[in-house]
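One structure below.
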Protein chains: 2
Amino acid sequence: MAAKRGGAQSKRSQRTAASPRSVQEASREPPLSLERIVATAVELLDAEGVDGLKMRRLADRLGSGAMSLYWHVGNKEEVFDLALDSVLEYRAPPQIIESQDWRGEVVHMLEDWRASMLRHPWSASLLPRRALGPNILGRLELLSKTLSRAGVADADLNVAIWSLWNFVIGATTTRASFDLSDDDRAAAQQRLTRLSERYPTIERTRLLLDNDWDGAFRKGLDFLLDGLAPR
Amino acid sequence: MAAKRGGAQSKRSQRTAASPRSVQEASREPPLSLERIVATAVELLDAEGVDGLKMRRLADRLGSGAMSLYWHVGNKEEVFDLALDSVLEYRAPPQIIESQDWRGEVVHMLEDWRASMLRHPWSASLLPRRALGPNILGRLELLSKTLSRAGVADADLNVAIWSLWNFVIGATTTRASFDLSDDDRAAAQQRLTRLSERYPTIERTRLLLDNDWDGAFRKGLDFLLDGLAPR
DNA sequence: ACCTGAACACCGTTCAAGT
DNA sequence: ACCTGAACACCGTTCAAGT
């Protein structure tokens with residue numbers, strides 16, 4: 001807002017709440033760019049969730065006017081698309097590439113995929129409504145190549161890929177949606193025990209209290225891989 | 001709007017569809033109720049998608065003032081929660097209940113689950129952000145009971161349940177998000193073939209063109225079940 | 001080429017009332 | 001108990017301009 005007059009601005013004019021960036025910082029922002037917009041959108045999403053991403057708020061963080069964004073970006077949907085894909089970049093560990101252990105590679109790729117999404121919980125809730133960006137396609141390509149090299153016939157490849165993809169997406173989605181606030185969790189827990197007569201089995205196995213998400217993911221993935229390619 | 005004056009109204013009063021509802025039609029609505037609100041919300045979601053559900057629009061369809069909804073419902077989020085769970089009701093075929101074929105039962109339950117969600121494509125995109133309603137819990141309970149009766153040890157039960165759940169949620173999410181408009185599909189297809197050098201494997205297996213979603217689901221589920229409980 | 005404020009259309013929800 | 005319109009706060013985006 002103030003901006004405009006370039007000179008030496010004093011202080012306190014920004015103050016973005018949860019993550020304050022002081023005026024001094026804001027007054028000397030680098031110029032707007034798509035990269036900066038996307039990176040800041042990810043920050044904002046991390047901090048405030050899907051509903052927290054507002055164009056005006058994003059512009060604030062960037063130290064620009066709200067409308068400036070629209071020169072770089074078509075609309076808000078595009079910001080979502082770009083933010084989602086940017087979070088799914090895959091940096092393959094070089095040494096693994098030539099490994100013979102295809103199963104280990106696959107497990108590593110999928111655990112990394114899941115971890116990337118859990119680092120940004122909003123990504124799971126965004127995925128269902130978004131198009132495939134280059135990073136997602138890149139992951140699918142790498143997964144396909146690995147399975148193909150491992151000897152899976154082309155005819156079975158698509159089923160295998162989709163099964164693994166489904167598993168990862170489902171696991172991430174579920175994990176993220178169970179990551180409730182403490183209040184929500186307490187409420188849900190209470191409601192469930194209150195209804196334990198209606199759901200005796202899942203109550204007995206403590207399905208909803210089982211916190212070993214990582215272990216469940218790993219074990220389930222092993223089962224799936226056993227089915228896909230029995231060793 | 002008009003409403004109020006009670007007299008003897010003639011006929012034709014529903015007509016939901018794509019639809020304008022004329023004043024006359026609207027004037028003889030039954031009174032508001034939570035059931036009617038939820039059912040109409042589902043209709044609206046089916047017709048217009050997640051973004052099409054606006055409180056004012058919903059009220060229009062119900063022939064009531066926009067603010068009347070707030071007596072029955074806390075806020076819009078609650079409408080989403082209720083609509084989602086209402087679509088996931090499970091009517092178990094009674095004859096199957098005593099069957100010995102647990103694997104057949106599980107497959108049936110999961111295919112029904114998937115089918116229910118695909119009938120309302122918005123449900124997949126809503127799921128990640130919603131709490132578990134009674135119908136979802138009911139499905140989880142039934143699934144647990146079936147697997148438990150089939151001999152799966154309690155210690156393995158949670159992994160099995162989550163794996164199957166993940167698979168269904170992932171498959172549904174993916175399927176729904178690939179169900180693009182023709183324009184979108186054409187654009188995506190074009191972009192992919194243009195980039196075929198970067199994604200040779202998934203291009204070769206036609207991963208993104210494979211339209212046999214039902215078959216892939218069934219086969220993938222079989223693989224997963226093979227892994228979970230080898231026959 | 002890049003950025004801007006004013007203004008518009010729209011939407012969820014509060015409020016003070018009505019019956 | 002149930003429903004209502006007016007009004008408010010907020011948000012995405014168009015537009016006509018600025019540099």
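Chain A is the first sequence line, chain B the second, and so forth, proteins listed ahead of strands; every chain is numbered from 1. Quick note: numbers below take in every heavy atom, side chains included, and nothing from hydrogens, waters or symmetry partners.
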Next on the checklist: For the residue pair B:Arg175 and B:Phe217, would you count it as a cation-pi contact if the rule is NZ or CZ under 6.0 angstrom from the ring centre and within 45 degrees of the ring axis?
Outcome noted: no
Checklist outcome for this item: Per nearest nucleotide of DNA chain D, the residue lying toward the 5' end, B:Pro31 or B:Arg56, is B:Pro31
Taking [atom1] from [X] and [atom2] from [N], how many angstroms apart are they, rounded to a whole number?
X: B:Phe80; N: C:dC11; atom1: CZ; atom2: C1'; value: 12 Å
X: A:Asp51; N: D:dC11; atom1: CG; atom2: P; value: 11 Å
X: B:Lys76; N: C:dC11; atom1: NZ; atom2: P; value: 9 Å
X: B:Leu69; N: D:dT4; atom1: CG; atom2: C1'; value: 12 Å
X: A:Ile37; N: C:dC3; atom1: CD1; atom2: P; value: 8 Å
X: B:Lys54; N: C:dC10; atom1: NZ; atom2: C1'; value: 8 Å
X: B:Leu34; N: D:dA1; atom1: CG; atom2: P; value: 17 Å
X: A:Met55; N: C:dC8; atom1: CE; atom2: C1'; value: 17 Å

Checklist entry - Of the options B:Leu143, B:Asn158, B:Leu157, which is the one that meets A:Leu207 in a side-chain contact (heavy atoms from CB on, under 4.5 Å)? => result B:Asn158
Checklist outcome for this item: Paired to D:dC10 by Watson-Crick or G-U wobble criteria (both distances under 3.5 Å) is none
Checklist entry - Should C:dA16 form a Watson-Crick or G-U wobble pair with both distances under 3.5 Å, which nucleotide is its partner? => result D:dT4
Listed nucleotide nearest any side-chain atom of [X], set [options]:
X: A:Ser64; options: C:dT4, D:dT4, C:dG12; answer: C:dT4
X: B:Leu32; options: D:dT13, D:dC3, C:dG12; answer: D:dC3
X: B:Trp71; options: C:dC2, D:dT13, D:dA1; answer: D:dA1
X: B:Met67; options: C:dT14, C:dC3, D:dC3; answer: C:dT14

Next on the checklist: Please give the distance between the P atoms of D:dA17 and C:dC2 as a whole number of Å.
Outcome noted: 22 Å
Checklist entry - When you check the phosphate oxygens OP1 and OP2 of C:dC3, does a side-chain N or O of A:His72 lie under 4.0 Å from one of them? => result yes
Checklist entry - Are any of the side-chain nitrogens in B:Arg130 or B:Asp85 under 4.0 Å away from the carboxylate oxygens of its partner? => result no
Checklist entry - Hey, are B:Thr174 and A:Trp165 close enough side-chain-wise for a donor-acceptor pair under 3.5 Å? => result yes
Checklist entry - Within a reach of under 6.0 Å around NZ of A:Lys145, are more than 12 heavy atoms found that belong to other residues, nucleotides or ligands? => result no
Item to check | Touch class at under 4.0 angstrom, heavy-atom based, for B:Leu58 against every strand present | outcome: nothing
